[in-house]
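Since the structure is predicted, the reported quantities are computational estimates derived from the model, not experimental observations. Side chains included, hydrogens not; waters and symmetry mates left out as well; all remaining heavy atoms used. Chain naming here is simple, since letters A, B, ... match the order of the sequence lines and numbering starts at 1 in each.
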Number of protein chains: 2
Amino acid sequence: MNIGQAAKASGVSGKMIRYYEDVGLIPRISRTDSGYRDFSEKDVHILRFISRARSLGFSVEQMYSLLALWQDRHRASSDVKAVAQAHIDELDSKIKKLQDMRETLLHLVNHCHGDHRPDCPILGDLAAEGQELEEQRGGKSLGDFSDKP
Amino acid sequence: MNIGQAAKASGVSGKMIRYYEDVGLIPRISRTDSGYRDFSEKDVHILRFISRARSLGFSVEQMYSLLALWQDRHRASSDVKAVAQAHIDELDSKIKKLQDMRETLLHLVNHCHGDHRPDCPILGDLAAEGQELEEQRGGKSLGDFSDKP
DNA sequence: CTTGACCTTCCAACAATGGGAAGCTTTACG
DNA sequence: CGTAAAGCTTCCCATTGTTGGAAGGTCAAG
């Protein structure tokens, strides 16, 4: 099976297959006499595993562990669970960060009348001086950059 | 004010200040005779704006629009609102994607006994054949890669 | 035997950030 | 004043995962 077929069968693009081979995530694929990659069912099986794990957000780095565990018939499921749990924790913190942003932004958007006038609490908030850093109050003009021109 | 002080005052690292200047997000900072950057209050004000917007997850690309709107005293707040709303939509889709991953993964983790035995539904699921792609059932052995060795 | 679709490798780019080298300037201290 | 430390400059490299393209070899169909 050549790389195009393997890509279609696994859901991993040809480019990425070459990349994974390059960084050693998958073993070197055997070649035909002319140098074309020749994928076995097992190769495709591995690629499908990678495709699914990547779609769950596992990093390539984590894939090394996951693949090693998968291939280790003496693994402890607790090790697998630990990798997965660590990833869930990462996801949780990313989600929380995005939700915090979203909440702040939504609050601002809800207070912006959103019409033809230039007044806007969104810019006002972003431009607010002395919020969490050195304050520099005292009224020097800031040219076109004041939040309420 | 030199770059170190500007960085401290704005919350943007010196590295990133140079980068923003380089890509034209901020105007070229004036220099002293010896070539050191010499930041005005206005420069720092811009940097603080950027710092806040970046912390809300706006991309550098979006910053161009946001800064342009900020500087345009004839802007319509609806334009600002549109940029912010578009960003909220992006955040929503990212959050949803991460939550979907999290849910799937949590389900798997909750079904993994997580002990010394190798059996693991997490690997089992990732290794499952013919789930959303070409199926290739029929029982060829896949060596060490079967989900239940 | 030509054409087009495929494959190969290598190189570059993206976004945003950090690290570091080589070299110059400013500051602080004795 | 002299020297050393700290801070600045530019330039290049690495990161993560993925895509795009160029130059060239190969395969299958007509």
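Contacts of B/Thr32 with the nucleic acid, taken as non-hydrogen atoms under 4.0 Å apart, are absent. Within the 4.0 angstrom heavy-atom criterion, only backbone atoms of the sugar-phosphate kind lie near B/Arg54; the bases stay farther away. Residue B/Arg37 is in sugar-phosphate contact alone, with no base atom involved, counting any heavy-atom pair closer than 4.0 Å across all strands shown.
Side-chain atoms of A/Asp43 and A/Ile26, non-hydrogen and from C-beta on, never get closer than 4.5 Å to each other.
Note: CD (B/Glu90) to C1' (C/dA15) measures 13 Å, nearest angstrom. Separating the OH atom of B/Tyr36 from the C1' atom of D/dT10 is a distance of 13 Å, rounded to the nearest angstrom. The distance from atom CD1 of B/Ile50 to atom P of C/dT17 is 11 Å, rounded to the nearest whole Å. If you take CZ of A/Phe39 and C1' of C/dC6, they are 14 Å apart, rounded to a whole angstrom. Residue B/Gln5 contributes atom CD, which lies 15 Å from atom C1' of C/dT25 at whole-angstrom precision. Atom OH of B/Tyr20 and atom C1' of C/dA15 are 10 Å apart (whole Å). A straight line from OH of B/Tyr19 to P of C/dA16 spans 6 Å, rounded to a whole angstrom. For the pair A/Asn2 CG and C/dT8 P, the computed distance is 8 Å after rounding to whole Å.
A salt bridge links B/Arg117 to B/Asp115: at least one charged side-chain nitrogen sits closer than 4.0 Å to a carboxylate oxygen. Looking at A/Asp100 and A/Lys96, a side-chain N of the basic residue comes within less than 4.0 Å of a carboxylate O on the acidic one, giving a salt bridge. Salt bridge A/Glu21/A/Arg31: present, at least one basic N to carboxylate O contact under 4.0 Å.
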For nucleotides 28-30 of chain D, which of its nitrogen or oxygen atoms have a protein nitrogen or oxygen under 3.5 Å away, and what is each distance?
none

What's the verdict on salt bridge (charged side-chain N to carboxylate O under 4.0 Å, His left out) for A/Asp92 and B/Arg102, showing C-alpha distance, side-chain angles and the deciding distance? CA-CA 8 Å; A/Asp92 282 346; B/Arg102 191 199 118 96; 2.5 Å; yes

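At the phosphate of D/dT19, OP1 or OP2 sits under 4.0 Å from a side-chain N or O atom of A/Ser13. Contact check, A/Arg31 against C/dT9: a side-chain N or O comes under 4.0 Å of OP1 or OP2.
Between B/His113 and A/Ser77, the side chains place a donor N or O and an acceptor N or O closer than 3.5 Å (distance only, hydrogens not considered).
No hydrogens or angles were tested; on distance alone, nothing pairs the side chain of A/Lys15 with the base of D/dG17 as donor and acceptor under 3.5 Å.
Comparing A/Asp33 and A/Met16 by the nucleotide of DNA chain D whose heavy atom lies nearest to each, the residue mapping closer to the 5' end is A/Met16. Each of B/Glu61 and B/Ser34 lies near DNA chain C, and the nucleotide nearest B/Glu61 is the one positioned closer to the 5' end.
The hydrophobic clustering, which links ILVMFWY residues whose side-chain heavy atoms are closer than 4.5 Å, places A/Ile29 and A/Leu25 together.
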